[in-house]
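Written below as structure tokens is the structure these notes are about.
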Amino acid sequence: MTEQLVKTVSVAKCGNIVVATVDNPPVNALSHSVRAGLIEAVQALESDAEARAMVIVCAGRTFIAGADIHEFKKPMVAPLLGEVIDTLDAATKPIVAAIHGTALGGGLEVALACSYRIALDGAKVGLPEVKLGILPGSGGTVRLPRLAGVEQALTMISEGGQISVRDAREKGIVDEVVSGDLKAAAIAFAEKVIADGAKVRRTSDLPVPAFDPAVLETSRTALSKKYKGFKAPLVAVDLIRMVTETPVAEATAIEYKTCKELLVSPQSKALRHIFAAEREALKIDGVGAEVKPRDIKKVAIVGPGTMGRGIAACFLNIGIPVTLIGLTDEGLASATKAIGKIYEGSVKRGSLTAEEMERRMALLTPTTSYDGIGDVDLVIEAVTEQLDVKKEVFAKLDAVLRDDAIIATNTSFLDIEELAATSKNATRVAGMHFFNPANVMKLLENVRAAKTAPDVLATTTALGKRLGKVPVMVGRSEGFVANRMLSKRTREAQFLLEDGATPQQVDRVLTAFGFPIGPFALADLAGMDIMAAARAARVARMSPREQQCNIVDRLVAAGRLGQKSGAGYYVYDENRKASHDPAVDEMLDAHRRERGFTARTITDEEILERCLYAMVNEAAKILDEGAAARPSDIDVIWTNGFGFPTYLGGPMFYADQVGLPKVKAALDKYAGLVGDQYFKPAALIERLVAEGRGLYG
Ligand code: CAA
């Protein structure tokens, strides 16, 4: 083999086959040098009389994972991806794409423009652009339907999911799936192609297969429901329709124009912000790349309640054995049954096999004793939220655990420092705050205490990713970040009822904004008894108005516990469909009368601003205290934890889009209306506005 380095694409010869290797870590994104290098590689193929075919293979962990997202903010430098695709498409000799890892976005477009695609078993392909608020812009929507059919292409493009290369082979996207040495297999494949006459196969020459046009409208309806508020999925339907009716060159031009327009849309900016923010959140202050996470092979969970069960399932899902410690055999039996039920549901839905369920359940060891956990690497304490109970658990753990085992508490509200001080070794204590239901919710608030060891922080972060969560490191703070901000929104929603709003008005305004559920429907779902207990735990520290704003207690007293009792803020039918209940209006009227409030007309704008800005203001205090490292961490927490619409970028990004001076003016206005203690602008907001800066500078 002779080798000549062309920037991030090296070109070598193997007999009469040109091998172009893309090497652009970390994910071989299509940066300028890769685009230029691929064109040069095709030129090398064309200009070499002896060369009969080319293989494109990638170094490192993956095939090309798409356009270089970092280049989106700058003007694009030629050659653009479209030119690369045209060059590949126009090649007079066959080109074989050899896929491993993930071929995504522009990466899959490159592969689709080649004559053949072979892939390593286990690899995946997809067009995830829609998740960044854009759509394929270099032939993806034009070529994929031609290979895989309109329906399959529509699903992949409008939802952005990845499919396995085995699936891709069945759908006609990939020609062959191989195992072992991909490059050698690709070269052997190319040799076979040459032996068969070196046939060039252009996807662009294929017709769009026949399809039922009704699919487009059915998809549009389903997408508008599933991705409420998102623009790109619906544009994808229009684009696919256009592709089915338009010649390739014209369709490619329209596709590019559409992608360019979407790229500058506010939704795309917000979604790209969240993509970057989730990756930034993995970088922990004071924990350098040299700090390696500890290996977690076995865990124990103390507390088989709702949280402990869900957390156990998270570990079983990824094949980590769990010892579940409880006080009684009955409690443990009920937890085991509940975990089994989670899996039975998946088996019924077809997303899990019965064998896999059995394998997972076999990893679970319920016990009432701490004796057998001397070899675990991590314990998650998920017992009741009482400091003395937790202290007792910590003492028992200290007595039996290895010195290097980590103790993580799942507390939601207790002081992490006080808990850490309880252990004889505070460096091993951290928080791992899961959200209910723990096996479903993506957000994981990892908590650092002052003495937590850096490799413990690295471990909880790496583990969060391994569990399929979105981990964010937070610091000491009552309620940490998610719940602390939520409590301000909850308070404001309650005050709005006192001022004259109705539960249905507040819920309507917040769902119209983009939240999946309003605060009162959420309270009905969580259960009023739970809400009342949370309130009782904090009531002594509340302001007089909050103390007396006891609507939740009134509902409990009336037996209105929410969905579970058939009535809460709403009344529910047998299908759990919520309706307005005049009895709640009467109850609110009585509450206002007793508390001396006169109901006034509240505008939707006031509702939205009070609910959102109460959170933004609290977040600014959290940032100033250092309980969150960066505004983007808060955006990640709220988009993954409480359904803040990702296409608005999270509360911090949103506040910057509104403009901090406008946010501050609203805070000042509500400070006058509701009270200084609730809406006085946080010092950080005052400072940033005075300096003419936003939360993001
Ligand atoms: N461009 C630039 N950098 C990228 C990137 C991209 N497309 N995709 C990932 N990266 C970076 C990440 O920012 C991260 O960098 P840091 O380590 O500095 O934070 C690093 O690569 C590793 O990424 P992950 O942590 O996500 O690694 P992973 O192994 O968990 O996942 C992946 C790998 C599946 C490729 C995932 O990164 C991913 O989904 N990437 C996005 C893919 C994508 O959306 N492609 C389409 C882009 S748009 C397009 O292609 C169409 C067009 O032309 C307009």
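These numbers come from the heavy atoms of this one structure, side chains and all, not from hydrogens, waters or symmetry mates.
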- Using a distance-only test with no angle check, is there a side-chain donor-acceptor pair under 3.5 angstrom linking Ser204 and Asp89? yes
- Message: With a 4.5 Å cut-off on side-chain heavy atoms, are Phe434 and Leu467 touching?
- Response: yes
- Task: Indicate yes or no: does Glu278 engage Lys465 in a salt bridge with an N to O separation below 4.0 Å.
- Result: no
- Task: Run the salt-bridge test on Lys297 and Asp295 with the 4.0 Å N-O cut-off and return the result as yes or no.
- Result: yes
- Query: Taking atom types as modelled and ignoring hydrogens, do the side chains of Ser268 and Arg272 form a donor-acceptor contact shorter than 3.5 angstrom?
  - Reply: yes
- Task: Would you check if the side chain of Ser346 reaches a backbone N or O of Ile342 as a donor-acceptor pair within less than 3.5 Å?
- Result: yes
- Item | Crowding at CD, Glu358 (>12 non-hydrogen neighbours, <6.0 Å) | no
- Given Arg52 and Glu191, is the salt bridge (charged side-chain N to carboxylate O under 4.0 Å, His left out) satisfied, shown in steps? CA-CA 9 Å; Arg52 307 269 331 266; Glu191 278 165 353; over 6 Å; no
- Item | Salt bridge Arg359-Glu355, side-chain N to carboxylate O under 4.0 Å | no
- Query: Quick one: do Glu109 and Arg143 make a salt bridge, cutoff under 4.0 Å?
  - Reply: no
- Full working for side-chain contact (heavy atoms from CB on, under 4.5 Å) between Arg360 and Asn317: CA-CA 7 Å; Arg360 292 186 192 180; Asn317 290 349; 3.1 Å; yes
- Query: If you look at every heavy atom in Phe72 and Ile134, which pair is closest and at what distance?
  - Reply: CE1-CD1, 4.0 Å
- Note on the structure: From the list Leu443, Ile284, Asn446, side-chain contact (heavy atoms from CB on, under 4.5 Å) with Val472 holds only for Leu443
- Task: Answer yes or no: is there a side-chain heavy-atom contact under 4.5 Å between Leu147 and Leu112?
- Result: yes
- Task: Could you pull out the closest heavy-atom pair between Ala36 and Lys7, with the gap in Å?
- Result: CB-NZ, 4.5 Å
- Between CZ of Arg169 and CD1 of Ile173, what distance do you get to the nearest 0.5 Å? 12.5 Å
- Item | Contact check, side chains of Glu40 and Val9, non-hydrogen atoms, under 4.5 Å | no
- Query: Is it true that a side-chain atom of Arg294 and a backbone atom of Asp377 form a donor plus acceptor pair closer than 3.5 Å?
  - Reply: no
- Crowding at CD, Glu245 (>12 non-hydrogen neighbours, <6.0 Å): yes
- Name all residues meeting the salt bridge (Lys or Arg N to Asp or Glu O under 4.0 Å) criterion together with Glu344; count only those two or more places apart in sequence or in a different chain, and write none if there are none. none
- Mind running side-chain contact (heavy atoms from CB on, under 4.5 Å) on Glu151 and Phe211 for me, showing each step along the way? CA-CA 8 Å; Glu151 207 167 334; Phe211 72 102; over 6 Å; no
- Sub-4.5 Å side-chain heavy-atom contact between Asn640 and Lys469: no
- Message: I'd like to know if Lys226 and Glu159 make a salt bridge, using a cut-off of under 4.0 Å between side-chain N and carboxylate O.
- Response: yes
- Query: Within the distance-only criterion (no hydrogens, no angle test), does the side chain of Lys442 pair as donor or acceptor with the backbone N or O of Gly468 below 3.5 angstrom?
  - Reply: yes
- Query: Distance from Ile64 atom CD1 to Ile56 atom CD1, nearest 0.5 Å?
  - Reply: 6.5 Å
- Would you check if the side chain of Thr639 reaches a backbone N or O of Gly650 as a donor-acceptor pair within less than 3.5 Å? no
- Query: Hey, is the main chain of Glu280 close enough, under 3.5 Å, to the side chain of Arg630 for a donor-acceptor pair?
  - Reply: yes
- Message: Check this for me: does any side-chain nitrogen of one of Asp205 and Arg146 sit under 4.0 Å from a carboxylate oxygen of the other?
- Response: no
- Note on the structure: Interatomic distance, CG@Asn24 vs OG@Ser33, rounded to 0.5 Å, equals 5.0 Å
- Message: One thing to verify: whether Glu71 and Arg35 come together as a salt bridge, which I'm taking to mean a side-chain N less than 4.0 angstrom from a carboxylate O.
- Response: yes
- Message: For Arg201, is there any backbone N or O sitting under 3.5 Å from a side-chain donor or acceptor partner on Tyr116?
- Response: no
- Item | Carboxylate-amine/guanidinium proximity below 4.0 Å for Arg166 and Asp121 | yes
- Message: Using side-chain heavy atoms (C-beta onward) and a distance below 4.5 Å, is Ile85 in contact with Glu83?
- Response: no
- Query: Is it true that a side-chain atom of Glu255 and a backbone atom of Leu239 form a donor plus acceptor pair closer than 3.5 Å?
  - Reply: no
- Note on the structure: Closest non-hydrogen contact found for Val11 with Val18 is CG1-CG1, 3.5 Å
- Query: So, do Val55 and Lys183 sit near enough that their side-chain heavy atoms are less than 4.5 Å apart?
  - Reply: no
- Look at the side chain of Asp656 and the backbone N and O of Tyr696, then say whether any donor-acceptor pair between them is shorter than 3.5 Å. yes
- Task: Taking all non-hydrogen atoms of both residues into account, name the closest pair between Ser219 and Leu154 and its distance.
- Result: OG-CD2, 3.2 Å
- Message: Checking Val42 against Leu38 for the side-chain contact (heavy atoms from CB on, under 4.5 Å) test, could you report, in this order, the C-alpha distance in whole Å, the side-chain angles of both residues, the deciding distance, and whether it holds?
- Response: CA-CA 6 Å; Val42 179; Leu38 283 172; 5.7 Å; no
In residues 93-103, what donor-acceptor pairs under 3.5 Å come from side-chain atoms, sequence neighbours left out?
from, atom 1, to, atom 2, distance (Å)
Lys93, NZ, Leu45, O, 2.9
Lys93, NZ, Asp48, O, 2.8
Lys93, NZ, Ala51, O, 2.9
His100, NE2, Gly60, O, 2.7
His100, NE2, Thr62, N, 3.2
Thr102, OG1, Thr62, OG1, 3.1

- Query: Is it true that a side-chain atom of Gln267 and a backbone atom of Ala232 form a donor plus acceptor pair closer than 3.5 Å?
  - Reply: no
- Looking only at non-hydrogen atoms, find the nearest pair between Thr646 and Ala270 and report the distance. O-CB, 3.7 Å
- Heavy-atom distance under 4.5 Å between the side chains of Pro136 and Ile157, does that happen here? yes
- When rounded to the nearest 0.5 Å, the distance separating CZ of Phe275 from NZ of Lys131 is 10.5 Å
- Task: State whether Asp238 and Arg241 are salt-bridged, where the test is any N-O pair (Lys NZ or Arg NE/NH1/NH2 against Asp/Glu carboxylate O) under 4.0 Å.
- Result: no
- From His32 NE2 over to Leu30 CG, what is the distance, rounded to the nearest 0.5 angstrom? 12.0 Å
- Message: Counting only heavy atoms not in Lys257 (residues, nucleotides, ligands), do more than 12 fall under 6.0 Å from its NZ?
- Response: no
- Item | Sub-4.5 Å side-chain heavy-atom contact between Leu80 and Tyr256 | yes
- Query: If you round to the nearest 0.5 Å, how far is OG1 of Thr92 from CD of Glu46?
  - Reply: 3.5 Å
- Taking Ser265 for its side chain and Glu261 for its backbone only, find out whether a donor-acceptor pair lies under 3.5 Å. no
- Minimum heavy-atom distance Asn439-Cys314, with the two atoms named: CA-SG, 3.7 Å
- Message: Checking Val22 against Thr8 for the side-chain contact (heavy atoms from CB on, under 4.5 Å) test, could you report, in this order, the C-alpha distance in whole Å, the side-chain angles of both residues, the deciding distance, and whether it holds?
- Response: CA-CA 6 Å; Val22 180; Thr8 46; 5.6 Å; no
